[in-house]
Amino acid sequence: MTTVQVVKDILDANERIARENRRLFDEKNIYVFNLMSSPGAGKTTLVERTIEALRDRFRMAVIEGDIQDTCDADRVARHGIPVVQINTGGACHIDGNMVRDALPALDLDNVDLLICENVGNLVCPAEFRIGENVKIMLLSTPEGSDKPAKYPLMFQESAALILNKIDLLPYVDFDMAKARKDALTLNPKLEIFPVSCKTGEGFDAWARWIERQVEEFRKS
Amino acid sequence: MHELSLVQSLLDIIEEYRDGGKFRKVNTVRLSFGRLGGIEPAALRFAFDVASRGMPAEGAALEFDILPVIVSCLDCGRDSTVDGFTSQCPLCGGDVLVTGGNEELRFLEMDVD
Ligand SMILES: Nc1nc2c(ncn2[C@@H]2O[C@H](COP(=O)(O)OP(=O)(O)OP(=O)(O)O)[C@@H](O)[C@H]2O)c(=O)[nH]1
Ligand SMILES: [Mg+2]
Ligand SMILES: [Zn+2]
Ligand SMILES: [Zn+2]
């Protein structure tokens with residue numbers, strides 16, 4: 001019997017494709033964010049509001065990673081923004097390959113900001129890079145403030161955390177201080193934005209932040 | 001949740017190393033990952049048993065080197081190894097940063113015949 005040394009990341013193949021996507025985005029000067037949350041936390045609602053907030057600033061496009069139907073893509077399309085639906089075929093996340101396959105459907109020469117809505121899932125989207133500049137995580141108050149402790153990787157991989165549905169704070173047990181503290185314990189650089197995508201409260205801080213990220217990227 | 005695709009990548013790497021028949025059979029596969037990485041050994045083992053049927057890796061044992069969670073204290077400056085997520089230093093009760101335990105799934109080595 002012999003031992004074969006391998007020492008290779010299992011997700012190496014995905015990393016390679018993600019890097020190729022990244023090279024293409026750099027060439028076209030496109031800022032990309034990968035939006036992750038559990039099902040129903042408000043990803044599509046945030047995408048719709050972000051489009052409205054930034055539509056005079058950037059040319060945007062959206063990739064929707066829904067497991068099945070095209071509801072979310074239809075919601076986005078109503079804002080008059082190019083949108084591609086990825087057929088994840090029941091997969092629990094989107095990966096580099098799926099994004100690469102979706103790109104020919106977009107006119108990348110006319111996009112400044114590409115938003116990718118991941119599949120609703122708090123576990124694996126964090127593991128798969130797609131060529132994004134940043135991962136953005138959304139956590140909604142009804143889900144509870146124990147999520148950083150239970151799903152640490154998401155918080156570690158994200159550049160910003162949007163705490164959504166703060167309009168529901170009076171009705172749910174959500175310990176804002178604990179959520180913040182635990183999230184920062186995992187990732188001290190995390191930017192945290194408490195917002196309500198329903199009332200618009202706090203939304204402007206998020207919109208200005210992402211606007212600045214895109215501007216800085218496009219200048220460099 | 002996507003154990004089958006992880007296992008598929010693992011089997012692809014094994015095929016790559018076999019390079020047309022340098023070994024007949026894989027006896028043991030050793031993997032590592034951080035305890036906070038959200039990987040479930042039992043689910044991985046099940047997916048591996050299913051996906052490796054009829055391949056040189058069929059029946060191979062999976063061994064996991066699970067890397068610990070490490071927290072670094074912002075108050076006393078010491079590092080501690082802990083069983084799971086905590087935001088408190090076990091030594092002094094101070095605030096900590098999590099500095100280890102999120103390593104992704106790695107294929108370390110395999111024993112072959
Ligand atoms: N009260 C309240 N409801 C919200 C808020 N944001 C979104 N919602 C509602 O939450 C529900 C789910 O929102 P979506 O935007 O579809 O959530 P999602 O994360 O895209 O869901 P999936 O794509 O299915 O994972 C909808 O009924 C939204 O109207 C908010 O800030 N406050
Ligand atoms: Mg959605
Ligand atoms: Zn997955
Ligand atoms: Zn301490």
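Lettering follows sequence order; numbering is per chain, from 1. As a basis for the values below, the full set of heavy atoms in this structure was taken, side chains included, without hydrogen atoms, waters or symmetry mates.
Inter-residue side-chain proximity for A:Met98 and A:Asp101 is flagged as unmet; no heavy-atom pair is nearer than 4.5 Å.
At a 4.5 Å heavy-atom cutoff, the contact between A:Gln5 and chain B is made by backbone and side-chain atoms alike. Residue contact with chain B, scored on non-hydrogen atoms closer than 4.5 Å, is absent for A:Ala13. Of the two parts of A:Leu184, only the backbone, made up of N, CA, C and O, holds a non-hydrogen atom closer than 4.5 Å to a non-hydrogen atom of chain B.
At distances below 3.5 Å, not a single donor-acceptor pair connects side-chain atoms of A:Asp66 with backbone N or O atoms of A:Ile86. A:Ser145 places a side-chain N or O within donor-acceptor distance of the main-chain N or O of A:Asp175, the cut-off being under 3.5 Å. A donor-acceptor pair is defined here as one N or O able to donate and one able to accept, closer than 3.5 Å; such a pair exists between the side chain of A:Asn187 and the backbone of A:Phe155.
Using bins of under 30°, 30° to 60° and over 60° for the plane-to-plane angle, the ring pair A:His93/A:Phe128 lands in the parallel bin.
Minimum interatomic distance between A:Arg49 and A:Phe203 (heavy atoms only, all atoms of both residues): CB-CZ, 3.4 Å.
Most heavy-atom pairs under 4.5 Å with chain B: of the set A:Lys150, A:Lys181, A:Lys178, A:Glu157, this distinction falls to A:Lys181. The choice from B:Leu36, B:Val71, B:Val7 that makes the most heavy-atom pairs within less than 4.5 Å of chain A is B:Leu36.
Annotation: A:Lys8, atom NZ; neighbour count of heavy atoms from other residues, nucleotides and ligands within 6.0 Å is above 12. The 12-atom threshold is not exceeded at CD of A:Glu201, counting heavy atoms of other residues, nucleotides or ligands nearer than 6.0 Å.
Within residues 82-113 of chain B, the residues that have a heavy atom under 4.5 Å from a heavy atom of chain A are B:Phe85, B:Thr86, B:Ser87, B:Asp95, B:Val96, B:Leu97, B:Val98, B:Asn102, B:Glu104, B:Leu105, B:Arg106, B:Phe107, B:Leu108, B:Glu109, B:Met110, B:Asp111, B:Val112, B:Asp113, listed by number.
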